[in-house]
Amino acid sequence: MHVNVVFNPTASSKDYTVFIDELQTLCFDTKVMIVTNTTVAALHLETLKARLHVKTLHTVILPDGEQYKNFESLHCILNACFEHRLDRKSLLIAFGGGVIGDMTGFAASIYQRGIDFIQIPTTLLAQVDASVGGKTGINNDYGKNLIGTFWQPRAVYCESAFLKTLPHREFAAGVAEIVKMAVTFDRDFFAWLETHDLHVDQNLAEAIRKSIAIKARVVAQDETEQGVRAVLNYGHTFAHVIENQTAYSVYLHGEAVAIGMVMANTLAKSLDLLSQEDALRIQTLLRRYDLPTHYDVPSSEAFYEAFFLDKKSANDTIKFILPQGIGNYAMRNDIPKETVLRALKGDHV
Ligand code: NAD
Ligand code: GLY
């Protein structure tokens with residue numbers, strides 16, 4: 001199976017293919033450097049190496065964790081590029097979750113003004129979301145992903161076999177992003193998710209394909225997030241505040257997104273965009289994968305103010321991405337503060 005990411009009606013040099021369960025052997029007549037972390041290297045690096053036929057192969061193994069998505073790790077990747085004398089024809093391979101993917105893409109985009117990279121994502125979240133679309137970056141003291149570039153990979157290889165070793169919570173975090181795509185863009189896909197267990201291999205592969213197809217369509221239309229790409233942030237405006245208030249130590253990102261979607265749904269209901277029945281369907285689906293759906297907002301005022309720390313809040317307005325029924329969305333930056341505060345205080349679902 002595969003999905004094409006096509007940026008233009010006419011062929012664009014940025015176009016690429018996302019291959020699903022099609023990674024047999026990759027041959028490159030260039031220097032190649034794999035970037036991965038300690039966890040993924042221990043579990044899967046040998047499997048990957050056995051499938052690579054390249055001129056010269058190098059590997060950089062970084063420590064594992066979002067806290068290492070920083071300048072130091074970027075420096076480490078770039079230094080390795082220099083030490084191994086990678087040239088402008090060389091290739092980086094991002095082999096890991098979204099953290100590795102975002103950092104490797106960033107390094108590829110700036111090394112010698114930009115070299116090719118491919119994504120081989122090993123988490124569900126990275127397969128259905130982070131590896132496609134070319135957002136790259138690192139975190140700094142001011143927040144997450146505030147430094148980065150748009151740099152598209154040459155290809156993406158999603159192998160469901162790598163997901164077999166994912167911890168249960170990490171798997172569920174990826175499911176949250178799948179649900180996000182379905183709620184905002186595809187009612188039939190949502191109904192399909194309600195009746196298909198993603199722990200069944202065949203269903204998982206199909207859900208990955210459907211999610212990537214949605215993401216590919218969206219990013220091809222709006223690579224740099226001037227419009228529709230922002231819809232992929234459904235649940236994220238709330239999630240970022242929750243992650244921040246809990247010092248990034250309680251919830252995985254996908255878990256915070258699950259709660260954030262339920263909170264966004266409460267706001268959508270109060271604006272008559274979403275029915276109670278549809279809100280319940282979304283919550284039920286998330287809970288089926290043991291995702292959290294509730295957060296005790298300590299202070300609605302403080303939560304509201306924290307929205308403005310998000311890099312997506314422009315000109316003192318907050319852009320809310322809300323479901324309009326299931327399978328459609330509304331982008332609203334005109335919601336009165338009082339309405340939002342009421343929704344934050346209200347019962348979610
Ligand atoms: P992650 O990269 O931290 O991976 C989660 C954990 O799973 C890590 O401990 C990792 O080592 C481990 N892991 C990876 N593959 C494994 C495997 N096959 N088996 C067992 N363990 C494995 O987190 P993530 O959820 O993949 O990605 C989150 C990151 O992605 C965040 O930094 C976020 O900002 C970024 N992101 C980027 C985009 C984008 O469009 N670029 C979109 C969404 C998220
Ligand atoms: N994950 C959101 C985006 O790629 O735009």
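Numbering of residues begins at 1 and proceeds along the displayed sequence. One-based numbering, in listed order, for ligands and for the atoms of each. As the structure is a prediction and not an experimental result, all values here were calculated from the model.
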Between Val99 and ligand 1, which part of the residue brings a heavy atom under 4.0 Å of the ligand: side chain, backbone, both or neither? both
Lys/Arg-Asp/Glu bridge criterion (N-O < 4.0 Å) met for Arg51, Glu159: yes
Under-4.0 Å heavy-atom contact with ligand 1, by part of Leu43 that carries it: side chain
What part of Leu252 sits under 4.0 Å from ligand 1 if we count only heavy atoms: the side chain, the backbone, both or neither? neither
Protein heavy atom at shortest distance from atom 5 (O) of ligand 2: Arg229 NE, 2.7 Å
Heavy atom of the protein closest to atom 4 (O) of ligand 2 (residue, atom name, distance): Lys215 NZ, 2.5 Å
For Trp192 and Phe189, take the angle between the two ring planes, folded into 0 to 90°, and tell me which bin it lands in: parallel under 30, tilted 30 to 60, perpendicular over 60. tilted
closest protein heavy atom to atom 18 (N) of ligand 1 is Phe162 O, 2.8 Å
Selected option - heavy-atom contact closest to atom 38 (C) of ligand 1, from Ala94, Gly97, Ala130: Ala130
Please state whether the rings of His253 and His240 are parallel, tilted or perpendicular, taking 30° and 60° as the class boundaries. parallel
So that I can tick it off, tell me whether Lys31 and Asp87 are bridged by a salt bridge, with the cut-off set at under 4.0 angstrom between side-chain N and carboxylate O. no
Is Leu163 in contact with ligand 1, taking contact as a heavy-atom separation below 4.0 Å? no
Any salt bridge linking Lys164 with Asp201? Criterion: basic side-chain nitrogen under 4.0 Å from a carboxylate oxygen. yes
What I want to check is whether the side chains of Thr224 and Gln226 have a donor and an acceptor closer together than 3.5 Å. yes
Heavy-atom distances under 4.0 Å are what count here, so tell me which part of Lys135 touches ligand 1: side chain, backbone, both or neither. both
The closest protein heavy-atom partner of atom 22 (C) of ligand 1 is Leu166 CD2, 3.8 Å
Quick one: does Lys215 get a heavy atom under 4.0 Å from ligand 1? yes
Hey, do the aromatic rings of His199 and Tyr289 have their centres closer than 6.0 Å? yes
Among all protein heavy atoms, pick the one closest to atom 4 (O) of ligand 1 and tell me residue, atom and distance. Thr123 CG2, 3.6 Å
Among protein heavy atoms, which lies nearest atom 44 (C) of ligand 1, and at what distance? Leu125 CD2, 3.7 Å
Contact check: Asn233 vs ligand 2, nitrogen or oxygen atoms, below 3.5 angstrom: no
Heteroatom proximity flag, Lys180 to ligand 2, N/O under 3.5 Å: no
Who pairs with Phe190 by ring-ring contact (aromatic ring centres under 6.0 Å, His included), at least two apart in sequence or on another chain? none
Looking at atom 1 (N) of ligand 2, what's its closest protein heavy atom, distance included? Asp129 OD1, 3.0 Å
Just heavy atoms, cut-off under 4.0 Å: does Asp102 contact ligand 1 by side chain, backbone, both, or neither? side chain
Could you tell me the residue and atom name of the protein heavy atom closest to atom 9 (O) of ligand 1, and the distance to it rounded to 0.1 Å? Asp64 OD2, 2.8 Å
Under 4.0 Å between heavy atoms, the region of Glu66 that gets near ligand 1 turns out to be side chain
Considering only the protein, which heavy-atom contact is closest to atom 15 (N) of ligand 1, and what is its distance? Thr122 OG1, 2.7 Å
So that I can tick it off, tell me whether Lys210 and Asp186 are bridged by a salt bridge, with the cut-off set at under 4.0 angstrom between side-chain N and carboxylate O. no
Proximal ligand 2 atoms for Leu232, defined as those under 4.0 Å from one of its heavy atoms: 2 (C), 3 (C), 5 (O)
Decide, yes or no, whether a salt bridge links Arg342 with Glu338 under the criterion of side-chain N to carboxylate O below 4.0 Å. no
Stepwise side chain to side chain contact (heavy atoms under 4.5 Å, CB included) check, Asn265 with Gln283: CA-CA 9 Å; Asn265 293 354; Gln283 189 192 55; over 6 Å; no
Give a yes/no on ligand 1: does His44 have at least one heavy atom closer than 4.0 angstrom to it? yes
Could you work out, for atom 5 (C) of ligand 1, the closest of Glu170, Gln119, Lys164 by heavy-atom distance? Glu170
Parallel, tilted or perpendicular, as decided by the 30° and 60° cut-offs, for the rings of Tyr16 and Phe7: tilted
Exceeds 12 heavy-atom contacts within 6.0 angstrom, atom CZ of Phe150: yes
Hey, looking at atom 19 (N) of ligand 1, which of Leu232, Val132, Thr165 has the closest heavy atom? Thr165
among protein heavy atoms, the one nearest atom 30 (O) of ligand 1 is Gly98 CA, 3.2 Å
